[in-house]
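Read through the structure below, which is laid out as structure tokens, and then see the notes.
Keep in mind that this is a model prediction, so the values were computed, not measured. Because only heavy atoms are used, hydrogens play no part in the values below, and waters and symmetry mates are left out as well, while side chains stay in. Labels below follow one simple rule: chain letters A, B, ... track the order of the sequence lines, proteins then strands, and each chain is numbered from 1.
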Number of protein chains: 2
Amino acid sequence: MTKSSKVTAYSQVKEMIKESILSGEIPAGARITIAEITERYGVSQMPVREAFQILQGEGFIELLPHKGASVKSLTPEYLRNIYEIRGVIEGLLARRSMPNLTLSGLNRLKEINGQMEAMIQSGIRADEIVQLDREFHTAIYASSNNPEALQIYEKYVGLISSLRKKFGYGDNRVDNIVSQHWKIIEALQNQDAEALEKVIHLHSEGAKLDLLALMSS
Amino acid sequence: MTKSSKVTAYSQVKEMIKESILSGEIPAGARITIAEITERYGVSQMPVREAFQILQGEGFIELLPHKGASVKSLTPEYLRNIYEIRGVIEGLLARRSMPNLTLSGLNRLKEINGQMEAMIQSGIRADEIVQLDREFHTAIYASSNNPEALQIYEKYVGLISSLRKKFGYGDNRVDNIVSQHWKIIEALQNQDAEALEKVIHLHSEGAKLDLLALMSS
DNA sequence: CAGTGGTCTAGACCACGGG
DNA sequence: CCGTGGTCTAGACCACTGT
């Protein structure tokens, strides 16, 4: 490690490996050896092993006893599965957040979605859309008072965001996102739980289909 | 460790600690030191630390850098949160399992629920009810084809089961369980996704209220 | 029946909290 | 400012794979 510091080596190693995976530097399905990492970052085995265990818990790698670590491969089935999970978790988060959402929170949502709308005119950049979309949803779910659910959401959203940056968006997906966001805002304003949950599921389903189509083409 | 074997030390240590937590031997909120475990099981620090990381990933303990491990305390808020998560995940699992459920699978469900019904007559034993209830739900969700969701479900069901064995069930909770199970079977038989999801949520909600009431009394 | 690489031990290091 | 206990290093051990 660069210098002695207060943060632990294993958490730094964990973050660095995570970065490498999300950026695509270490491709899905690739094997990672302990030796590789110890050499690269100048640490010994133990912090690497701890980092591996954490990353396995977070769903980024797979760890087989006596066989080593490999980056979880993002098969269509796996993606479909985690989209489904994310969908129902988002429904829960939205439902729980609705009563706690403040007026200024609602304005923040309108602002973010306005920015997205503006971006469509001036040419779409996938990574910025990803960023704004995440902010939009995070702004809603922050008031859910269910940190455990939020953690599951963030785990999967991180995995999927990296793919978005790589594959971008389908033809009119971004338009759909923006219009669905307006509907979400409307449902929140009306405190209409049923409508809200319906739009959220639609939103998630659309995202899944769009990404899967892009990946298979 | 007892003897050299093919399974890893850290996985054995992990299982043993997990047992101790679920059995209540190590109470919620208690601190666990590495030295304690190394001494008790005759291993060195590294496998213990790996076990800790895994247990943190599974939600059983909390790990603070430079401060150590403590068993996650089961506050009412935390329980409410994980019941909510379990509820929506179960809804998802049930919905996805329905089309894949075989006739013999359905008969198995009827059989299990019949056993539960019989048990009510001959006096209720909490740990056996817990066991049968778990079997019932597992029998449904096995055909969900979504192992990731199943994993989340099992993580939380393990935590909650241990509490059930400790606190038992409220007055007519067991009757409710059995009658709701029949309704679940009926919905599965009719391939009625909407009814199914409704019962599942009712089931989950009832379980949550019952347990929270028992714990606060 | 080697070589590779994951797993484990022993002990040093050092952050943190109480006196 | 010392003690406790979490963190890290170096190196040995041994399960697994392919030759």
What's the closest nucleotide to the [X] side chain, out of [options]?
| X | options | result |
| --- | --- | --- |
| B:V43 | C:dT9, D:dT7, C:dC8 | C:dT9 |
| A:H66 | D:dC16, D:dT9, D:dG6 | D:dC16 |
| A:P47 | C:dT9, D:dT9, D:dT7 | D:dT9 |
| B:E50 | C:dC8, C:dG6, C:dT9 | C:dC8 |
| A:K67 | C:dG11, D:dT17, D:dG6 | D:dT17 |
| A:R31 | D:dG6, C:dT7, C:dG6 | C:dG6 |

Donor-acceptor pair under 3.5 Å, B:Q45 side chain vs D:dG5 base: no
Any A:Y10 side-chain N or O less than 4.0 Å from OP1/OP2 of D:dC8: no
Any A:R49 side-chain nitrogen or oxygen under 4.0 Å from OP1 or OP2 of C:dG6: no
Residue B:Q151 excluded, over 12 heavy atoms near CD under 6.0 Å: no
Passing candidate, side-chain contact (heavy atoms from CB on, under 4.5 Å) with A:S143, options A:L93, A:T102, A:L101: A:L101
Between [X] ([atom1]) and [N] ([atom2]), how many Å, whole number?
| X | N | atom1 | atom2 | value |
| --- | --- | --- | --- | --- |
| A:Y41 | D:dT7 | OH | C1' | 20 Å |
| A:I34 | D:dA10 | CD1 | P | 15 Å |
| A:I37 | C:dG5 | CD1 | C1' | 14 Å |
| A:L63 | C:dG5 | CG | C1' | 13 Å |
| B:F52 | D:dG5 | CZ | P | 12 Å |
| A:I61 | C:dG6 | CD1 | P | 11 Å |

All pairs passing ring pair (Phe, Tyr, Trp, His ring centres under 6.0 Å) where residues 144-168 of chain A contributes a residue, at least two apart: A:Y141-A:Y153
Upstream residue (5' side of DNA chain C) when A:M46 and A:L64 are each assigned their closest nucleotide: A:L64
Within-4.5 Å side-chain heavy-atom neighbours: B:L212 and B:Y83: no
Side chain to side chain contact (heavy atoms under 4.5 Å, CB included) evaluation trace for A:H137 with A:H203: CA-CA 11 Å; A:H137 291 271; A:H203 194 53; 3.1 Å; yes
Closest-nucleotide ordering on DNA chain D, the 5'-leading residue of B:I32 and A:S44: B:I32
